[in-house]
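Proteins come first, then strands; the chains are lettered A, B, ... in the order of their sequence lines, and each starts at number 1.
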There are 4 protein chains.
Amino acid sequence: MRLNKNQLIQNFVEVRRETQCLCDPLEIEDYGVQPMEDASPPKWHLAHTTWFFEVFVLKPHVEKYVGFNEQYKYLFNSYYDGVGERYPRSARGNLSRPTVAEVMEYRSYVDQKMEEILLAGPSEEIERLVILGLEHEKQHQELILTDLKFNLGHNPLRPAYRNNLIPPQSDCSESNLDFIVFDGGMKKTGVFPREVDFCFDNETPKHRVWIDEFAIASRLVTNGEYLHFIEEEGYKKPTLWLSEGWSSVQNEHLEAPEYWYKKGDVWFEYTLGGGKELDLNLPVTHVSFYEADAFARWSGARLPTEFEWEAVASTRMIEINEANLMNSDRLHPESAKNVTDISQLFGDCWEWTSSNYRPYPGYKALEGTLGEYNGKFMSNQMVLRGGSCVTSNNHIRDTYRNFFYPADRWQFSGIRLAKDV
Amino acid sequence: MRLNKNQLIQNFVEVRRETQCLCDPLEIEDYGVQPMEDASPPKWHLAHTTWFFEVFVLKPHVEKYVGFNEQYKYLFNSYYDGVGERYPRSARGNLSRPTVAEVMEYRSYVDQKMEEILLAGPSEEIERLVILGLEHEKQHQELILTDLKFNLGHNPLRPAYRNNLIPPQSDCSESNLDFIVFDGGMKKTGVFPREVDFCFDNETPKHRVWIDEFAIASRLVTNGEYLHFIEEEGYKKPTLWLSEGWSSVQNEHLEAPEYWYKKGDVWFEYTLGGGKELDLNLPVTHVSFYEADAFARWSGARLPTEFEWEAVASTRMIEINEANLMNSDRLHPESAKNVTDISQLFGDCWEWTSSNYRPYPGYKALEGTLGEYNGKFMSNQMVLRGGSCVTSNNHIRDTYRNFFYPADRWQFSGIRLAKDV
Amino acid sequence: MRLNKNQLIQNFVEVRRETQCLCDPLEIEDYGVQPMEDASPPKWHLAHTTWFFEVFVLKPHVEKYVGFNEQYKYLFNSYYDGVGERYPRSARGNLSRPTVAEVMEYRSYVDQKMEEILLAGPSEEIERLVILGLEHEKQHQELILTDLKFNLGHNPLRPAYRNNLIPPQSDCSESNLDFIVFDGGMKKTGVFPREVDFCFDNETPKHRVWIDEFAIASRLVTNGEYLHFIEEEGYKKPTLWLSEGWSSVQNEHLEAPEYWYKKGDVWFEYTLGGGKELDLNLPVTHVSFYEADAFARWSGARLPTEFEWEAVASTRMIEINEANLMNSDRLHPESAKNVTDISQLFGDCWEWTSSNYRPYPGYKALEGTLGEYNGKFMSNQMVLRGGSCVTSNNHIRDTYRNFFYPADRWQFSGIRLAKDV
Amino acid sequence: MRLNKNQLIQNFVEVRRETQCLCDPLEIEDYGVQPMEDASPPKWHLAHTTWFFEVFVLKPHVEKYVGFNEQYKYLFNSYYDGVGERYPRSARGNLSRPTVAEVMEYRSYVDQKMEEILLAGPSEEIERLVILGLEHEKQHQELILTDLKFNLGHNPLRPAYRNNLIPPQSDCSESNLDFIVFDGGMKKTGVFPREVDFCFDNETPKHRVWIDEFAIASRLVTNGEYLHFIEEEGYKKPTLWLSEGWSSVQNEHLEAPEYWYKKGDVWFEYTLGGGKELDLNLPVTHVSFYEADAFARWSGARLPTEFEWEAVASTRMIEINEANLMNSDRLHPESAKNVTDISQLFGDCWEWTSSNYRPYPGYKALEGTLGEYNGKFMSNQMVLRGGSCVTSNNHIRDTYRNFFYPADRWQFSGIRLAKDV
């Protein structure tokens, strides 16, 4: 199903503008910092998403295209070996040049060329690449926010990213955690590209999976529940942890989720709106897979598989419309709205599953260099599902597979429990 | 199903003796070396397998049991947090004391106490622990050989472990590699403990898995086929590799399997019988998961899942009797015997699967400290199936799940290809 | 000898302004980058030099002094354990806040308070501290330039710091390198504080040293001479090197001085004015002690001791007035002006001596926390003498002892040869 | 001055035998362990000292000499780049082969060839090399003992090297620590080779040094005095330490000298005779330069320079005869015998000086590959003087310069204080 031309242009303009809007609250100094290897500077995200269109659309498809700056091919390549050498990932924070103004000029230059192509009526091939480029850019919108949070949240001054965010709803009146039973059976998982406007290759192909009967929690685990785990010495009992999780607890002296800190006896949490006293009703977030797994074991439960999760979510796609995503302008998870049924499947926090990120049966990566987009990362990572409070509204769906290393904590990652029946 | 008393005693004596026999060809100097963290010294294996019986059988079940040496509880604990502190794993090669003679004395002391218990008629609980202890010891028999190979094979003098091994059969007359198609469908994977004499907890419970139709290679990949991959610059093309595999190629300057080396233009392979000119008919071994995966991609194939593998193997358990296992006294993989059907499923080389080592649905670890045996390692590792030429004869089966990190190469790990149909 | 009040105020204003002027050519983005641990961001230098006055003058000496921001005490402490905890040195580049504007405000705030004190007529104690603070700030002026050079020079875009620098004189007409003989004898080295307006504690006390007759080179080693060393495979012959120097060559793959690079067969050198084709007449700079020592050995010479150097320099203090220092506005070493006698003793490049940085006999560190200024670094470093093309004009003298680790290359460090007679 | 032929043969036989005698108390297992990079296995020392004679005497001077094993040239090269490639130093503990028996055979083989040369009447050149080889072997005798101590002393079982050592004298009746004043003046330091039977190149040439009047402690610092430093929180006060010393305290969690340990409230010390309750009268040993320097600062004193030390020692060479050296068969420092004058200058503990290990003015390394013996280590190390309780009797002298890194603690290194007058 093809978009009409105007729709595509409008999408292009909106997504590209949205990325820049996210940076409006920043000081120039905030654009360049890389406080850990995973947390790239906003300036790099702004340039790399532009590079994507230049390298995959303009260079191969525009005759005599003249690049904005030939060195950018090297500087802003993220990980595509097929494109050539690249600047070391860990040193992105060392690049004081190009300046923010130059990167914005780069964006304008590429945007103008792109708009010319789109106005001229792009081929199906180009349309496909543009849509991929926009979904790619939405992923980087989320990363801009999580990487900024890491930067600002680890600065001893703990500055807020924005002071005018909408406070997340915190409702303690209906806090019971229920486990809701789902039938087992043969399920369809994943998607065929021809059936949808867009999907990533790692969601394909649709295939059958057998699932046993299971129960899944009606909502995410809260700060209050997680604090209980801490107070019961969860971080001091090796038998609750996977072996590598326990190593991470010891080597990194973990005692609480990322961004929690104590003043005297009071727990606080750094948010994109600044430091706040810990709200026990809100979902716990910024926990690693190891922490999620240990918490689940301590609770007498487990994490769901990605197939269980998708089986549940596939019947509740409608809820995406009310989900707490980036455009809700909270940029923080909030308490469950409806606790008589499953809630919070979409938005709020990415949910760690117990599934490794591996190819689906029959998986084929995209052809050519874009085949490096997803497939080559299918080792040592875990699948997360459902999007978060900083995920773009038109980006998430039931089949969407996100993936991070089990020790990663800088994403908005939370915990949904499951149980055997 | 319980063993009769005499059978258990006989098993105990035989397995314990077998471990020591494996060390007979060694010089005293060979018992203590740990050339990398994973490759523990034989002396440590001899002591740790004894520690296992002392800590899990004698101490809890023999009244007023007096330990051989109270510090051994600390020195020879491998990874059981529930038992207490332990000597650092990476420093096992630093322990010149206890001497080999003292460790042998320790073995005699514990063996005698164990035999007293077994003669007295052990409880079902003790019997269960003894059987586990013997299976544990068989695992360490394999490790003694792989760890010794690492030690001797990385010594510039390249001494043989034994000079009187039976040469592996090398048959080039029937070398065609066929892909044999198997029906998909709902399969049973794993085992219920009550149905077998013994199984590890990680093989349980039996459960249903849906598998699509697939094809599997009739034999293991050979040195000749792998050499072709090398000559076609497989180690120089990043797009053949998972991202972390490519990093390992670059960081460790990988160019060939572990133990391959070149003199002039001729390839050699270090074996437990010493260095040999590379035999192109023999199965390639000592490759990492990353190498297996890259080779498969280059071949236009893939690795099988552990479920596919088990579906095939479960119908061919009879072949274990003719498999090239430790007791074949070759200690090296040999060429396929029967190439009109699937061969080499058991013995020769552990076969990397594309499956992550994760708990089966409904998995429960053993109770108490022994729960640390398997479950806590269920992250970041891959499943290997089928046993190798250094696996004890009565140890392997169709449901057996071995697991190593994807970069590991010091085990006898090889490649069986599979394909979608 | 005390300065009159107006002189001190004038000095204060000028030095503080000079530091900021050095940053005028910068983009905001350049202020925050720390491309290696030793190369601190300009913003940090601007704040730390201000912190110095706040912590050592204002807080102890101004009643009810209210700090600009209490967290700055922690953020901008360089290494004074006596002041308390400090932000990790290696993470200075992660601090996007305070912004440059905020740091400039901090400077204004402290400057105003300082000027109030100075106008009011400072005590002798305060005067002493202010003078120390200004000399401290001059040291950081040099570091701002060397750290910026490292940042910009390692950016693949290689931007110039300034495009309007005066080109260094390059004169090949009088290039002979002479060795000039000096008598040995009992020499006075160092200084008594009471005899000078200012000196650092590490230059004290004046003491006697016996020196044998020696010869010293009339000028610095040139790029041309050093290139000869490279072409004669100096970087490939271990016997030319100290053992640790050879390790650094191998581990860091050294082949030339820092900032040299090749395009095709042509050597270039990055300078603060941008990349330039290598000028063979200019002094070689940005070499480590190990490189200087290896070059000297290859030349059949050696490096001078700091005592030999000082014996020569103490008779030629007049030349400071014509030296190529920061205010010459070249910011790069230039060729020797006068080759009939010793030249280039001051300015151009710091000269590695063969002397370890150790306390002089009878050395006493400053009292209190300021005792940490110099003395605690007196291990593992080598003494350099004479100042460089980025040293402040009123900062260098014959007794001045600079010190860096023998592997350091990011300072303007060069080579003067000496010989036994 | 040349030795007569028989004297040289006798020396050769005795020194070579002495090395092996030191290993008599060992288990075979003890010969191969390398618990840290600096602490080489005894087997390696036995082979390397033999390699020295083979490579520097037999190969160049015996026509058609056939080496014992051609790979030993590579395996047992310590650090001579001029000899060729070498086995990595950090992996010496991984070599289970050659066995101890094979290494002993190697020794016999080379000894026999050497004795043939010596009987035939060696040239002056060979004689010079043999003497150097024997002094080299005496250095390794000391290292065998210090490296063994590290191995056995870090084994949780803490086995004794020998149980029949003579207990060190511990005399508390005359424990006053006096500072004895020495005149300053122009001193001669070092030696001319022609004036002595033997010296290392690093002791040459004799040269003049000016020394100011100073005072030096009559004896070494005791365990009791050092314990006082610990109890007064010496390890918790950064201002007592050099900056890098303080880093080592924090990074390695130092709280006491190497080999001290506590049971309950009681301090113990591991010695080559096993663990002993700490004897407060004995000299403190196994401290780093940083610890010695911090202790001196805390005491209001300083360490002597190597020139001060030599000025004192050169007038007391006679005391070597009564010194507590290796042949005293204590292998541990003992209390001062004579406290009315300077004592303990020779033997007991190596004394850290405040002098960096640098070449003397006019220093020339030996010609050829043997030039790598000493000179290339002249960076980043400190000089120690006087020998220790494990130094060979005929090996130490007033001009002898030993050198170790300032953080090293595994040698018998102690503290003698000095003061300005």
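Of the atoms belonging to Pro98(A), heavy atoms from both backbone and side chain fall under 4.5 Å from chain C. Heavy atoms of Tyr31(C) lying under 4.5 Å from chain A are absent altogether. Proximity to chain C involves both the backbone and the side chain of Leu157(A), based on heavy atoms less than 4.5 angstrom apart. At a 4.5 Å heavy-atom cutoff, the contact between Pro35(C) and chain A is made by backbone and side-chain atoms alike. Proximity to chain A (any heavy atom under 4.5 Å) is shown, for Leu95(C), by both the backbone and the side chain.
A distance-only check finds a donor-acceptor pair linking the side chain of Gln71(C) to the backbone of Pro156(A) [under 3.5 Å]. The main-chain N or O of Gly32(A) is never found under 3.5 Å from a side-chain atom of Glu29(C) such that the two would form a donor-acceptor pair.
Shown are Asn155(A), Asn151(A), Asp30(A); of these, the side chain to side chain donor-acceptor pair (under 3.5 Å) with Arg97(C) is made only by Asp30(A).
Closest approach of Glu27(A) to Thr99(C), counting heavy atoms only: CG-CG2, 3.6 Å.
Within 6.0 Å of atom CD in Glu255(A), 12 or fewer heavy atoms from other residues, nucleotides or ligands are found, so the atom counts as exposed in its surroundings.
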